[in-house]
Amino acid sequence: MRKISDWFGIFVHIQIKITMSIVKTLGQYIIEKQADFPYAKGELSRLLRDIGIASKIVNREVNKAGLADILGEAGEINVQGESVKKLDVFANEQFIAALSVGGECCAIASEENEDIIIIDNEVSKNAKYVVAMDPLDGSSNIDVNVSVGTIFSIYRRTSLSGPGTKEDFFQRGTEQVAAGYVIYGSSCMLVYTTGKGVNGFTLDPSIGEFCLSHPNLQTPKLGAIYSVNQGNFVHFPEGVKQYIRYCQEEDKSTNRPYSLRYIGSGVADIHRNLINGGIYIYPPTLKSPRGKLRLLYECNPLAFIVEQAGGKATDGAKRIMELDTKELHQRTPLFLGSSDMVDLSGEYMKKYSEVKA
Ligand code: F6P
């Protein structure tokens, strides 16, 4: 007769086997997918791994944000006598540090830095890739416990060797090698594409690994959500106003009226719409006539992901990923999400710009 402790041992063994057979970590997945690129030497895989590591550290700090009263407000000296950094500054430093030691990236463009950051240490100065990022998008939401995110975009450098240059970033979104975002929400998730579909990984805090949770993400062709800062309505172009009126009309055959959902934290709004279907719009306004969002490190990577999931992204007329990048912090209007919705919003934009002209 077996003892209870034997049965317990067998049970634990089976559990471990089941866990091992169903969980695929980000690291395992990246290595497996390297075979999709026959000439790849593993640099991109290592770059993605470095981004994954930095995002785990940022997640840890974001999770502590509510403890500001105990640990000290940003800008103060905490109980350990260390100065407490604002989380967007902290996130920027973490990603720069991870990319600097990784050796696969020769320059970074960040929302937090006016100019590019050149990584010219011995291992990195001739690296093939440059990375554009928004280290903590929607950071004003942290104080009120709302999800925030990191957005990243990876390009092959265009300069041949030596330190990375600003011009290395002046490429169209269609040239992106990989792009992704991390959402620090009710769970922490990393979603990325290398141009062969989109996959989502959820951080399992018990093992400290991102695990494949959303393989081959596809966004619905038509959703029932529109996301826009409607407080700016009076300043919107006529095409956007009319499209919003369309979203609000009653029509059973098209499932209207749609729901308005706007968190004001771009990654969170876009992640929800990617999964459930919907459209996110940040149009030009009186205050921001060229739109608010940045082409290089917000719109292009989000457009790459959404297109890879079957959706679309435009500036109201042209495809986002075909716009010319001329400045690091260039802005553009953004219409992004389910393809039928982006197409229709474009038709409204066209129709009402013609009326004005
Ligand atoms: O890029 C900055 C950002 O915070 C996005 O994350 C968000 O979608 C947008 O701005 C919100 O802007 P507003 O407060 O003007 O609606």
Side-chain angles (χ1 to χ4, degrees), residues 55 58 62 65 86-92 95 109-114 132-153 173 179-185 188-191 223 225-237 240-241 243-244 247 259-276 278-306 311 313-316 320 323 325 327-337 341-342 345:
S55 62
V58 172
V62 168
K86 286 187 73 172
L87 271 172
D88 41 9
V89 176
F90 176 84
N92 196 37
F95 281 98
S110 167
E111 203 251 357
E112 292 289 325
N113 300 80
E114 195 53 40
M133 63 171 182
D134 183 351
L136 210 58
D137 181 63
S139 49
S140 60
N141 288 301
I142 286 196
D143 294 346
V144 287
N145 215 346
V146 167
S147 302
V148 287
T150 295
I151 311 172
F152 62 90
S153 166
Y181 61 75
V182 184
I183 175 163
Y184 310 101
C188 175
M189 218 178 138
L190 188 149
V191 175
I225 291 175
Y226 71 105
S227 307
V228 65
N229 185 343
Q230 212 157 296
N232 293 328
F233 190 85
V234 287
H235 301 307
F236 288 162
V240 175
K241 286 183 181 168
Y243 179 71
I244 290 176
C247 293
S259 294
L260 166 63
R261 294 279 181 270
Y262 190 72
I263 300 169
S265 188
V267 173
D269 276 314
I270 287 161
H271 179 70
R272 181 205 48 238
N273 290 3
L274 180 76
I275 292 182
N276 294 341
I279 185 168
Y280 174 97
I281 304 177
Y282 208 108
T285 60
L286 216 56
K287 197 170 137 204
S288 322
R290 295 173 64 194
K292 178 184 178 193
L293 304 187
R294 315 294 182 141
L295 176 61
L296 183 61
Y297 44 79
E298 292 182 311
C299 301
N300 268 335
L302 293 169
F304 192 18
I305 293 165
V306 167
T314 72
D315 67 354
I320 286 289
L323 299 177
T325 310
E327 293 162 35
L328 289 181
H329 302 283
Q330 183 174 328
R331 296 175 194 270
T332 175
L334 180 65
F335 296 67
L336 169 139
M341 301 173 95
V342 175
S345 64

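Whatever order the structure lists them in is the order used to number ligands and atoms, beginning at 1. The first residue of the sequence shown is numbered 1, and numbering continues consecutively from there. All values derive from a computational prediction rather than experimental measurement.
At a cut-off of 3.5 Å, with distance as the only test, no side-chain donor of S55 or Y184 sits close to an acceptor on the other residue. Of the N and O atoms on the side chains of R272 and S227, at least one donor lies less than 3.5 Å from an acceptor on the other residue.
Closest approach of S265 and S147 over heavy atoms only: OG-O, 2.6 Å. When every heavy atom of P301 is checked against every heavy atom of L296, the shortest pair comes out as CD-O, 3.4 Å.
Using a 4.5 Å cut-off on side-chain heavy atoms (C-beta onward), V191 and M189 make contact. Contact annotation: the side chain of I320 approaches that of T332 to within less than 4.5 Å [non-hydrogen atoms, C-beta and beyond]. Counting only heavy atoms from C-beta outward, the side chains of V148 and V267 never approach each other to under 4.5 Å.
In D269, neither the side chain nor the backbone holds a heavy atom less than 4.0 Å from any atom of ligand 1. Neither the backbone nor the side chain of Y297 has any atom closer than 4.0 Å to an atom of ligand 1 (non-hydrogen atoms only).
With sequence neighbours excluded, no residue forms a ring pair (Phe, Tyr, Trp, His ring centres under 6.0 Å) with F304. Applying the side-chain contact (heavy atoms from CB on, under 4.5 Å) rule to Q330 yields the partners R290, L295, T325, K326, E327; only residues at least two apart in sequence or on another chain are considered.
Contact atoms of ligand 1 toward N229: 13 (P), 15 (O), 16 (O) (distance under 4.0 Å to a heavy atom of the residue). Contact atoms of ligand 1 toward L293: 1 (O) (distance under 4.0 Å to a heavy atom of the residue). Near E298, meaning under 4.0 Å from any of its heavy atoms, are these atoms of ligand 1: 1 (O), 2 (C).
Evaluated by nearest non-hydrogen atom to atom 7 (C) of ligand 1, the leading choice among G264, S288, C299 is G264.
For a threshold of 3.5 Å applied to N or O pairs, the pair formed by D134 and ligand 1 contains no separation below that value. Residue S265 has no N or O atom closer than 3.5 Å to an N or O atom of ligand 1. Residue V267 has no N or O atom closer than 3.5 Å to an N or O atom of ligand 1.
If you check which protein heavy atom lies closest to atom 8 (O) of ligand 1, you get Y280 OH, 2.7 Å. Given atom 11 (C) of ligand 1, the protein heavy atom at minimum distance is Y262 OH, 3.2 Å. Remark: minimum distance from atom 15 (O) of ligand 1 to any protein heavy atom is reached at Y282 OH, 2.6 Å. Considering only non-hydrogen protein atoms, atom 5 (C) of ligand 1 sits nearest to G266 N, 3.5 Å. Of all protein heavy atoms, the one closest to atom 14 (O) of ligand 1 is K292 NZ, 3.9 Å.
Heavy-atom separations between D137 and ligand 1 include at least one value shorter than 4.0 Å.
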Check step by step if side chain to side chain donor-acceptor pair (under 3.5 Å) holds for S110 and N92.
CA-CA 8 Å; S110 167; N92 196 37; 2.8 Å; yes

